[in-house]
Amino acid sequence: MALSIDSLRGVEKRKPNVIIIMSDDQGWGDLSMNGNPNLQTPHIDRIAKNGARFSHFYVSPVCSPTRAELLTGRYHPRAGVYSTSEGGERINLDETTMADVFKEAGYATAAFGKWHNGMQYPYHPNARGFDEFYGFCSGHWGNYFNSLLEHNGQIVQGNGFIIDDLTDKALEFIDNNQNDPFFLYLPYNTPHSPMQVPDKEWASFKDKSLIKLADARTGEEDVVFTRAALALCENIDWNVGRIQNQLKKLKLDRETIVIYLSDNGPNSSRWNGGMKGKKGSTDEGGVKSPFVIQWPGTISSGLEIDQVSGAVDLLPTLADLSGINYSIPKALDGISLKPLLVESNQKWPDRMLFSHWNGKVSVRKGRYVLDDNSKLFDLTTDPEQRVDITSQKPELTKALSMAVVDWKAEVLKDIAIDNRPFPVGHPDYKYTQLPARDAVAHGTIKRSNKYPNSSYFTNWTKNGDYISWNVDVLSEGDYAVAVYYVCPADEIGSTMQLSFEADKLDFKIAKANASGMINQQYDRVERMESYEKDFKPLKAGVIHLKKGAGELILRTTALSKTNALDFRMMMLTRESP
């Protein structure tokens, strides 16, 4: 076999860059390449043309579980993720992430977007292998324009529409790291609601006639919601094009693996190939994701892959493609897809892939799926899950049913056990963000919305009413306290106290910050989630916290008028030691 000049000289070939782009609540059918004539997504479609498209790729039914499976290569209950809010979205600290693997291999690493796997360090992305993080750690965000975001723990003001802003940061990261291998994770947060759409994209869709509509089994379609979702998908596609153009401009396109997928099924009843179910369901419509991957010169263009695969496979696949030797203490549920991508005539294991949410489990094996009601379907002849063939294949039905029983016994055994407090003041990190989402209200205080993510507390109308966090202070020291609040001029004057065991800080709401709901003009559909206000930081002072676990309490000590404040979050910044 002939040796290349580089081989003779002992020059090591540069490892490929890796970019993972993931949308939020985009269905399999929300792409033109999958047959939807209601929108055009040429840049995402081009990834499939330049590389490979997987026709049976599966994720979890909702957001944070998919992210955990992608990052760890393990089913989300194993990683400690059982909810989408209030701490249940956190990846256990003894898990190894994909970013850990790539960082250990010498890659520059960054994540820009919706993290949704833990906020307080060491659950924060900066502690999970990412050198740089820009975005938000919550499950959804209430404002998509000039958003209040964070950069490596510090609260910052975003610039423009959030997806454009995140992409700007990605382009900057690519430019800064063009000479060395990088790992870039771009978890976009659209088309997740609220359906805030920029004027430009909305102008193309607000009066658009839709050719294909939702299957009646998923519920009644809200056409305006669909138009907003598709407009957001076209905005994503435009931003994917910006990334592709940057790679081409820097001559990195042949040195970069690019992946595109979604985190679950569509967040409304809209066209999705006739599949049963949507977001939250373990049926095909809830868990089948678009998945395309390109690496020009290594992965053949136009490759179609039918084998069952999923988000749990990405860690071993990308490490394998990148030539990274890694060791992870815990066994992975995923397997490397590299043989399907770069080798021909490969035998593929007849594996089972499980989908789980809210106690429901489905399992796929080859062409078959056993749904959460123990009904069997042949996805080759019946991709819409309309014909139950349980009676025709009783042995397969029994075998898959027993596999589900065994999987539940092994994987779900500890899912309801969560004694993890919210960490404060990790010695390796300066900032601790404590949002309303993670707090418990006491007295008359009310949450602005039943969905905790991106919510705030209001109706703070009685002395002694308080909110509390179950925390573990990891480092004793002095902490500067900033409270993000709204209080109109005619309500200022209330006094508050922050306390942790014997440590106390008293402060007064002496400065007004009046704000109504912001950017409502971009809501194209009435939202389910909390509306957003322009919350500003009040410098409350410095509190000394001793190390240990307990309740961190913020209470009213003297009420000035009718409502002390609207509270969005608190930032603790360690000043000493």
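Residues: numbered from 1 along the sequence shown.
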Going by atom type alone, with no hydrogens or angles, which donor-acceptor pairs under 3.5 Å involve a side-chain atom of residues 232-239 and a protein atom two or more places apart or on another chain?
residue : atom : partner : partner atom : Å
Glu234  : OE2  : Gln40   : N            : 2.8
Asn235  : OD1  : Asn239  : ND2          : 3.4
Asn235  : ND2  : Asp164  : OD1          : 3.2
Asn235  : ND2  : Glu201  : OE2          : 3.1
Asp237  : OD1  : His43   : N            : 3.0
Asp237  : OD1  : Ile44   : N            : 2.8
Asp237  : OD2  : His43   : N            : 3.3
Asp237  : OD2  : His43   : ND1          : 2.9
Asn239  : OD1  : Thr167  : OG1          : 3.2
Asn239  : OD1  : Arg242  : NH1          : 2.8
Asn239  : ND2  : Asp164  : OD1          : 2.9
Asn239  : ND2  : Asn235  : O            : 3.1

* Please confirm whether the backbone N or O of Gly285 pairs with a side-chain atom of Asp283, one donor and one acceptor, at under 3.5 Å? => no
* Structure fact -> Across all chains, not counting sequence neighbours, the salt bridge (Lys or Arg N to Asp or Glu O under 4.0 Å) partners of Glu284 are Arg364
* Has the side chain of Arg78 got a donor or acceptor atom that lies under 3.5 Å from a matching backbone atom of Tyr75? -> no
* To do: Can you sort out the partners of Arg46 under salt bridge (Lys or Arg N to Asp or Glu O under 4.0 Å), two or more places apart, ordered by chain and number?
  => none
* To do: Show the numbers, then the answer: is there a side-chain contact (heavy atoms from CB on, under 4.5 Å) between Phe136 and Trp115?
  => CA-CA 6 Å; Phe136 61 94; Trp115 173 245; over 6 Å; no
* For Tyr260, enumerate each residue passing the ring pair (Phe, Tyr, Trp, His ring centres under 6.0 Å) test, keeping only those at least two apart in sequence or located in another chain. => none
* So, the side chain of Lys413 versus the backbone of Glu410: is there a donor-acceptor pair under 3.5 Å, distance only? -> yes
* Expected output: side-chain Arg227 to main-chain Trp202 donor-acceptor under 3.5 Å -> no
* **Check: Ser322 side chain, Ala319 main-chain N or O, donor-acceptor pair, under 3.5 Å** => no
* Using side chain to side chain contact (heavy atoms under 4.5 Å, CB included) as the criterion, list what pairs up with Glu89, not counting sequence neighbours. => Ser64, His116, Arg437
* Asked: Is a side-chain N or O of Arg67 found less than 3.5 angstrom from the main chain of Leu70, in a donor-acceptor match?
  -> no
* Under the side chain to side chain contact (heavy atoms under 4.5 Å, CB included) test, residues paired with Lys446 that sit two or more places apart -> Asn459
* Asked: Between CG of Asn272 and CD of Gln26, what distance do you get to the nearest 0.5 Å?
  -> 10.0 Å
* Asked: About how many Å separate CZ of Phe457 and CZ of Arg568, when rounded to the nearest 0.5 Å?
  -> 10.5 Å
* Asked: Is a side-chain donor or acceptor of Asn267 paired with a backbone partner of Pro191 at a separation under 3.5 angstrom?
  -> yes
* Please work out which of the three classes, parallel, tilted or perpendicular, describes the rings of Phe354 and Trp407, given edges at 30° and 60°. => parallel
* Asked: Quick check, are the ring centers of Phe291 and Phe57 under 6.0 angstrom apart?
  -> yes
* Counting N and O atoms only, with roles assigned by atom type, does the side chain of Asp320 sit under 3.5 Å from a partner on the main chain of Ser336, one being a donor and the other an acceptor? -> no
* What do you reckon, are the aromatic ring centroids of Tyr522 and Tyr144 less than 6.0 Å apart? -> no
* Spatial distance of atom OH (Tyr121) from atom SG (Cys137) [nearest 0.5 Å] -> 12.5 Å
* To do: Could you please spell out the steps behind the ring pair (Phe, Tyr, Trp, His ring centres under 6.0 Å) verdict for Phe567 and Tyr484?
  => CA-CA 6 Å; Phe567 173 91; Tyr484 283 76; 9.1 Å; no
